[in-house]
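Computed from a predicted structure; not experimentally measured.
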Amino acid sequence: MEYLSAGQERTLMDKLAILADAAKYDVACTSSGVDRKGNGVSMGNCVASGICHSFSSDGRCISLLKILLTNECIYDCKYCRNRCTNDIPRATFTPAEICTLTMEFYRRNYIEGLFLSSGILQSPTLTMELLYRTIWLLRNRCRFNGYIHVKAIPGADEELIRRLGYLVDRMSVNLELPTAEGLRTLAPNKHRKNILAPMRLIQNGIHANQNELAVYRSAPRFVGGGQSTQMIIGATQESDYQILNVAQSLYEKFELKRVFYSAFVKVNEDKSLPALPGGPPLLREHRLYQADWLLRFYGFRAEELLDEKRPFFNVMLDPKEDWAVRHLEQFPVEINRAPYENLLRVPGIGVKSAQRIIAARRKAKLSFTDLRKIGVVLKRAVYFITCCGKTMYPLKMDEDYIVRNLTDTKDRIRFGSDGMSYRQMSLFDDEMFMRPVKAQERLQTAWGQL
């Protein structure tokens, strides 16, 4: 650990460098779900605008000051850089210092909001009290009206979490690892029950607040942007099927806005941690995000995408393509007649393009040219759709054929392969006859005598 000499203290910028770097492994920091205008008294708002770093649910880019209150921690999670047994520089902000940083960065238009998390300083309740004091000062003394996302600390006093919920826009409780077995192995100080308890508390608080707002519109909002969580992917042996089922369960039971997936980065040397010969599993993380999107917006279920016999995604295809080529009996889909739910299941057709198709076909029959203008990605969709009963090219509904074309690096239909030949044929192609063509017949053909 880095020690300071007697009487020496870290400057605010020293702390910022340490605690901003310590927060980079927490990916669960979006700023969606809130659209609060300025009130003429406080500084800042949550109206759609932004410059960088984080993304909202509608795709806007948002800038957030992303820091930890402290990287001191009493826990010894084997995957965490900030665990108590690591020899690293330590620092802790005071509530006033975080207020100063947030306001000064905001005045300079560097940020539009704050994402604040923390290691566990002495106890969960003490840490939660410091977080609450910080946000209370920021809202009431500094009059900051911008976006704030704070981590709820499992095991902290419930009343502190309730009070903080009325001051922030979003709260999150990190699940850390997909299963209780994984927690016992890599995070022995954390327990699944303690993690789920504040999730339920926040969910119940949101419901109670919605009922209150229905009666009193001027009542303060409780976690207006909803709650989220994060799972580390690849640190333990769970399959994609297990992870996706956990995410689906969280959406259904706790009504989360987002589940974030963080590819495991090996920052500590520990025999309990897996080796990463190929580096962090970023492609796997990407496929899980795509599958998560299908759960939330496309009407898919986890058990449709994967099962126990096939527990991992095909990394060469996105999850919707992977599902489609395994369910060719449901294709092709006729664009001009198919219901909205069926259109959503076609690779290359998203939510917006499906809505545009429904609206446009009320006025006219749609062609492939129309679909391209609407925004359909035809290089993926062409294998699964018809327009007025016709495909765009001569195709065959064969899994191997479609997969090889979808994974072609040139992103085009490869004619003359996969058992389908579209080359120019000669008049006397051997495949057309039961016997070889004689030389005399070729000569007669050339002179027009045959």
F312 and Y241 aromatic centres sub-6.0 Å: no
Salt-bridged, [X] to [Y], with N to O below 4.0 Å?
X    : Y    : value
D240 : R284 : yes
K66  : D21  : no
E252 : R301 : yes
R380 : E321 : yes

Between T70 and A91 (side chain of the first, backbone of the second, donor and acceptor by atom type, cut-off under 3.5 Å), is there such a pair? yes
Test of understanding: with salt bridge (Lys or Arg N to Asp or Glu O under 4.0 Å), list the residues that count as partners of E304, not counting sequence neighbours. R345
Restricting to salt bridge (Lys or Arg N to Asp or Glu O under 4.0 Å), what partner residues turn up for R141, sequence neighbours left out? none
Nearest-0.5 Å distance that lies between atom [atom1] in [X] and atom [atom2] in [Y]:
X    : Y    : atom1 : atom2 : value
N314 : R287 : CG    : CZ    : 8.0 Å
N211 : N209 : CG    : CG    : 9.0 Å
H286 : Y289 : NE2   : OH    : 11.5 Å

The test is side-chain hydrogen bond (donor to acceptor under 3.5 Å, both in side chains); show your working for Y261 and D292 and say whether it passes. CA-CA 10 Å; Y261 308 91; D292 186 271; 2.7 Å; yes
Within residues 151-176 or reaching into it, pairs that qualify as ring-ring contact (aromatic ring centres under 6.0 Å, His included) - sequence neighbours excluded: Y166-F222
Apply the test salt bridge (charged side-chain N to carboxylate O under 4.0 Å, His left out) to residues K190 and E176: give CA-CA distance (whole Å), side-chain angles for both, the deciding distance (0.1 Å), then the verdict. CA-CA 9 Å; K190 296 181 179 179; E176 303 291 354; 3.1 Å; yes
Checking V315, L317, L305 against D322 for side-chain contact (heavy atoms from CB on, under 4.5 Å), the one that qualifies is L317
Any idea which heavy atoms bring D169 and G146 closest together, and the distance? OD2-O, 3.5 Å
Modelled atom types, side-chain donor and acceptor of E72 and T92, under 3.5 Å: no
Using the six-membered ring of W136, assess whether NZ or CZ of R139 lies under 6.0 Å from its centre and within 45 degrees of the ring axis. no
Under the criterion side chain to side chain donor-acceptor pair (under 3.5 Å), which of H149, R258, Q230 is the partner of S172? H149
